[in-house]
Amino acid sequence: GDSVTQMEGPVTLSEEAFLTINCTYTATGYPSLFWYVQYPGEGLQLLLKATKADDKGSNKGFEATYRKETTSFHLEKGSVQVSDSAVYFCALPPRATQGGSEKLVFGKGTKLTVNP
Amino acid sequence: ETGVTQTPRHLVMGMTNKKSLKCEQHLGHNAMYWYKQSAKKPLELMFVYNFKEQTENNSVPSRFSPECPNSSHLFLHLHTLQPEDSALYLCASSEAVLAGEQYFGPGTRLTVT
C-alpha cells in the first residue's frame, strides 16, 4: 500500500559527524514532503518541507531534497551536534496517498543520538 | 501562551477512573487532532476535528471520548482504560484539515495502573 518508508534506527553518531536519514514514499502525484522532529519530552515540530520536485527544504543546518525520480526525501546534516539528538519523522500530507484520509502519513521515526 | 498547550503533562490513573485531557491552540487554526504515541509503534491518529465537527475516528475504542467545544479547545475524556492505553497523547492543530503542516503540543504522558 501507499506509505512512507524511513530508515530504521537507532542511529548513533559522534559530534560533528555527517548525518543521512533515508526516506522514500509511495503516493499519487507529487505531494509536498515534510520532516518532523521530536526532541526528548516534547511533541513533534516541523523541521523542514519541500513543496515540489527538486525543491530543497532547509532549517537548522538540516537539508532535504525532493527527488521525484527516486521518490525520496533524504534528510542530511553536515555536522551534527549533541542538541540534534531526537527522533526524526518523514511525512506525507493528507490525501497524498491513494485512497488516503485526512491524516498526515508518518514514517516510523528514526532515533538519533549524538555523543560528545 | 503561544502555540499548542496540553494539560496535564503527566497523568496516572487507575482502570476505573475517569479523567480528561485538555488541549488549547492559540494559532487561530480550524483543525485539531488527537494522536497516540506508544513505544515501538508508529504514531497513531485517533480523531480529527474540522471547525468543531468530528471528521475522522480511526476505530478508537469508546473508552476514549473526544469533545471539541470550539476551534481552539479539544478534550479527550478517558474512562475505564486498560494498561495498554498507557502512552503519550499528542494534540495538534493546523490551518485546514488537509494541511501538511501541523503544530503539536508537548503531549500528556498517561500511565494506566
Side-chain angles (χ1 to χ4, degrees), chain A residues 1-10 23 25 27-52 55 57 59 64 66 73 86-111, chain B residues 2-10 21 23-25 27 29-51 53-60 74 87-110:
Chain A
D2 297 340
S3 64
V4 173
T5 302
Q6 191 177 332
M7 177 175 138
E8 300 239 357
C23 171
Y25 66 91
T28 53
Y30 300 106
S32 297
L33 298 168
F34 303 88
W35 276 101
Y36 280 80
V37 59
Q38 185 176 27
Y39 297 104
E42 298 183 14
L44 281 72
Q45 56 184 270
L46 182 65
L47 178 61
L48 55 82
K49 68 175 183 179
T51 57
K52 61 183 188 294
D55 258 5
N59 186 24
Y66 188 151
F73 193 53
V87 181
Y88 293 82
F89 296 88
C90 187
L92 280 168
R95 297 189 186 263
T97 56
Q98 199 167 31
S101 66
E102 296 168 330
K103 60 180 180 181
L104 275 169
V105 178
F106 286 98
K108 293 182 178 180
T110 302
K111 183 175 182 180
Chain B
T2 58
V4 181
T5 58
Q6 289 187 244
T7 54
R9 293 293 308 273
H10 300 272
L21 310 185
C23 174
E24 185 173 0
Q25 59 97 358
L27 301 168
H29 289 167
N30 298 311
M32 296 188 77
Y33 313 80
W34 280 116
Y35 288 87
K36 177 183 179 183
Q37 188 176 38
S38 306
K40 302 189 188 300
K41 292 177 76 172
L43 199 60
E44 300 172 56
L45 178 66
M46 300 175 72
F47 301 104
V48 179
Y49 277 83
N50 186 32
F51 290 98
E53 300 300 318
Q54 185 177 313
T55 58
E56 189 155 338
N57 174 341
N58 282 290
S59 304
V60 180
L74 186 63
L88 181 69
Y89 288 85
L90 293 164
C91 174
S93 70
S94 63
E95 282 189 25
V97 75
L98 298 181
E101 294 186 42
Q102 293 185 7
Y103 294 77
F104 286 78
T108 295
R109 175 66 64 186
L110 173 67

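Letters go in sequence order (proteins before strands), and every chain restarts at 1.
Considering every non-hydrogen atom in both F104(B) and L44(A), the closest pair reads CB-O, 3.1 Å. Taking both residues in full, the closest heavy atoms of G100(B) and P93(A) are given as CA-CB, 4.1 Å, listed atom of the first, atom of the second, then distance. For the residue pair Q37(B) and F89(A), the shortest heavy atom distance occurs at NE2-CZ, 3.6 Å. The shortest heavy-atom contact between G41(A) and R9(B) is O-NH2, 3.1 Å.
At least one side-chain heavy atom of Y35(B) sits under 4.5 Å from a side-chain heavy atom of L104(A). At least one side-chain heavy atom of L88(B) sits less than 4.5 Å from a side-chain heavy atom of Q38(A).
Scored by the ring-ring contact (aromatic ring centres under 6.0 Å, His included) test, F34(A) finds no partners at all (sequence neighbours excluded).
For residues 36-48 of chain A, there are no salt bridge (Lys or Arg N to Asp or Glu O under 4.0 Å) pairs, not counting sequence neighbours.
Counting non-hydrogen atoms of neighbouring residues, nucleotides and ligands closer than 6.0 angstrom, the CD atom of Q45(A) exceeds 12 such neighbours.
To the nearest 0.5 Å, atoms CD (E101(B)) and OH (Y36(A)) are separated by 6.5 Å.
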